[in-house]
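Just so we're clear, the structure is a prediction, and the values are computed from it rather than from any experiment. In listed order, ligands and their atoms are each counted from 1.
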Amino acid sequence: MKVLGILGSPRVGGNSDILLDQALAGAKEAGAEVEKIILCQKKITGCLNCEKCNETGVCVIKDDMLEIHKKLLEANGIIHSVPVYFWAMTSQMKAYLDRWCAFFDAEWRWHKAYYPKMKGKRIGVITVCGDSNVSTADPIVHSFKSTADFSKLKWVGAVQISAAARGEVAKNEKAKKEAYELGKKAASS
Ligand SMILES: Cc1cc2nc3c(=O)[nH]c(=O)nc-3n(C[C@H](O)[C@H](O)[C@H](O)COP(=O)(O)O)c2cc1C
C-alpha cells in the first residue's frame, strides 16, 4: 500500500504542506508507505494538447512529469494539497493535473495498459484559502472530484481549510485532524 502526497503550494513549510504532512502521517498510521512530491521543486510544463499521448500513452514533453506519472501509477492513494490563488488552484498544481492527459486515450478512457492500475485508485484533496469562507476553494474541489468521477477513481473526500499567514494552520488542531483522517482514508483498502 502506497500513498503519494502532492504539494501544489510553492510555500514549502506553509499551510498546505503542514496539512499534507498530517494526511501522510494518517496514511502511515493506517499502514501505508508514503512519499511527498513538492511540485515547485520539479520541472513540469503545461500540456500542449498535441494529442500524441492519445495513441502512445506517453507524453512528448520530457520533464519531471514522466517520473511522476510512474509514481501515480504505482500509488494506491493520492492526496493533493493546494492553496487557493485567485479563486483557483496554483499554476504548479494545474500544470501537473493537465499532464494527467497522457493516461487517457482520445475518448478520455484510461489507456488499456493503465486501466488495471488506475481503476479504484483513491484520490482526495486538501485546500487552503486566506478567505474565512472555505467554499472559496470549491472550484478546486470540483476539478479534482470531477476528474475522479469521470475516470472512476475512488473519491476519498476534500478537506477545506482557512488559513492565511505562513504556517498558521499548525495551531488549528481540528484542521490537522481532518487532514490526518483523510490520509487514513486514502490508505484504507
Ligand atoms: C498569488 C496569491 C493569490 C491568492 N489568492 C487567494 C484567493 O483568491 N482567495 C483566498 O482565499 N486566498 C488567496 N490567497 C491566500 C492563500 O490561499 C493563503 O495565504 C494560503 O494560506 C497559502 O497557503 P500555503 O501556505 O500552503 O501556501 C492567495 C495567495 C497568493 C500568494
Side-chain angles (χ1 to χ4, degrees), residues 2-30 32-47 63-65 67-69 71-72 75 77-100 121-148 153 155-187:
K2 280 189 199 161
V3 171
L4 206 54
I6 308 286
L7 179 66
S9 172
R11 190 154 71 166
V12 177
N15 298 313
S16 317
D17 197 8
I18 290 168
L19 293 176
L20 185 58
D21 283 348
Q22 288 293 316
L24 294 179
K28 208 170 173 186
E29 157 75 21
E33 187 187 315
V34 300
E35 182 178 349
K36 180 166 73 176
I37 295 177
I38 300 173
L39 294 178
C40 72
Q41 295 175 353
K42 304 285 180 188
K43 186 174 182 302
I44 304 174
T45 303
C47 172
D63 63 9
D64 292 335
M65 196 62 203
E67 172 210 341
I68 297 173
H69 275 142
K71 290 184 190 283
L72 291 167
I78 310 159
I79 296 289
H80 302 87
S81 190
V82 62
V84 176
Y85 276 14
F86 290 94
W87 295 271
M89 68 182 79
T90 58
S91 55
Q92 291 87 352
M93 189 62 98
K94 190 62 166 66
Y96 151 90
L97 189 57
D98 289 351
R99 295 284 296 283
W100 273 52
K121 197 182 292 281
R122 293 173 167 258
I123 181 170
V125 69
I126 298 166
T127 62
V128 182
C129 60
D131 196 324
S132 57
N133 180 2
V134 296
S135 65
T136 202
D138 286 356
I140 301 180
V141 176
H142 178 74
S143 286
F144 282 97
K145 185 168 187 307
S146 302
T147 301
L153 296 173
W155 181 245
V156 294
V159 168
Q160 293 176 252
I161 303 299
S162 171
R166 183 190 169 85
E168 179 190 326
V169 83
K171 291 179 283 181
N172 185 341
E173 294 305 326
K174 186 169 173 284
K176 288 194 290 182
K177 174 88 176 130
E178 278 182 49
Y180 187 86
E181 293 302 325
L182 187 71
K184 270 169 93 171
K185 270 203 222 167

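Summary of contacts: the protein heavy atom closest to atom 27 (O) of ligand 1 is S9 OG, 2.6 Å. Scanning the protein for heavy atoms near atom 6 (C) of ligand 1, the closest one is V84 O, 3.3 Å. Taking atom 10 (C) of ligand 1 as the reference point, the nearest protein heavy-atom neighbour is G130 N, 3.6 Å. Annotation: atom 21 (O) of ligand 1 to nearest protein heavy atom, A163 O, 2.6 Å. Nearest non-hydrogen protein atom to atom 5 (N) of ligand 1 is F86 N, 2.8 Å. For atom 11 (O) of ligand 1, the closest non-hydrogen atom on the protein side is D131 N, 2.8 Å. In this structure, the protein non-hydrogen atom closest to atom 26 (O) of ligand 1 is S16 OG, 2.5 Å.
No N or O atom of G14 sits closer than 3.5 Å to an N or O atom of ligand 1. Backbone and side-chain nitrogen or oxygen atoms of A164 are examined, and one is located within less than 3.5 angstrom of a nitrogen or oxygen of ligand 1. Between P83 and ligand 1, not a single N/O pair is under 3.5 Å apart. Every N/O-N/O distance between C129 and ligand 1 stays at or above 3.5 Å. Geometrically, ligand 1 and N15 share a nitrogen or oxygen pair separated by less than 3.5 Å. Note: no N/O pair closer than 3.5 Å links R166 and ligand 1 by distance alone. Checking only distances, R11 does come within under 3.5 Å of ligand 1, N or O to N or O.
Partners of K174 under the salt bridge (Lys or Arg N to Asp or Glu O under 4.0 Å) rule, at least two apart in sequence or in another chain, are E178. Under the side-chain hydrogen bond (donor to acceptor under 3.5 Å, both in side chains) criterion, K36 pairs with D17, D21, not counting sequence neighbours.
The heavy-atom pair separating I140 from P83 by the smallest distance is CD1-O, 3.9 Å.
Ligand-side atoms of ligand 1 in range of V128: 17 (O), 20 (C), 21 (O), range being under 4.0 angstrom from any heavy atom.
Annotation: K94, atom NZ; neighbour count of heavy atoms from other residues, nucleotides and ligands within 6.0 Å does not exceed 12.
Applying side-chain hydrogen bond (donor to acceptor under 3.5 Å, both in side chains) to D63 and the options K42, K43, R99 leaves one that passes, R99.
The side chain of T136, and not its backbone, has at least one atom closer than 4.0 Å to an atom of ligand 1 (non-hydrogen atoms only; side chain from C-beta on).
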